[in-house]
Amino acid sequence: MLLGGSFSLLSSWLTANARAEIDQWVLSAGWAPIALRPALLGPDAAVIGAVLTSVDHVRQHPAAWLLRAGR
């Protein structure tokens with residue numbers, strides 16, 4: 001489980017309490033422990049994902065992008 005976005009910056013304060021809640025409420029936690037860690041991209045993950053999606057679209061359809069850019 002990832003602590004993403006702004007929560008990744010607060011992970012050092014949140015992890016212990018989140019771990020306690022997971023252990024208490026997730027029935028399978030005793031048999032299959034759940035890894036809890038901060039997301040590596042931090043609060044910028046959503047923006048990075050949006051940019052990568054846009055770039056991927058341009059890479060897959062460069063002619064369409066060039067037609068729109070030439071307007």
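Computed from a predicted structure; not experimentally measured.
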Checklist entry - Taking the side chain from Arg37 and the backbone from Thr15, do they hold a donor-acceptor pair closer than 3.5 Å? => result no
Checklist entry - If two hydrophobic side chains count as joined below 4.5 Å and joins carry through other members, does Trp13 share a cluster with Phe7? => result yes
Next on the checklist: Same cluster or not: Leu14 versus Leu36, using hydrophobic residues (I, L, V, M, F, W, Y) connected whenever any side-chain heavy atoms lie under 4.5 Å apart?
Outcome noted: yes
Next on the checklist: How about CG on Leu40, more than 12 heavy atoms from neighbouring residues, nucleotides or ligands closer than 6.0 Å, or not?
Outcome noted: no
Checklist entry - Minimum heavy-atom separation for Pro38 to Ser8, with atom names? => result CB-O, 3.9 Å
Checklist entry - Is Leu3 linked to Leu9 within one hydrophobic cluster, defined over Ile, Leu, Val, Met, Phe, Trp and Tyr using a side-chain heavy-atom separation of less than 4.5 Å? => result no
Checklist entry - Would you say the side-chain atoms of Glu21 and Asn17 include a donor-acceptor pair closer than 3.5 Å? => result no
Checklist entry - Transitively linked via ILVMFWY side-chain contacts under 4.5 Å: Leu52 with Val58? => result no
Item to check | Distance (rounded to the nearest 0.5 Å) between Ser28 OG and Ile34 CD1 | outcome: 5.0 Å
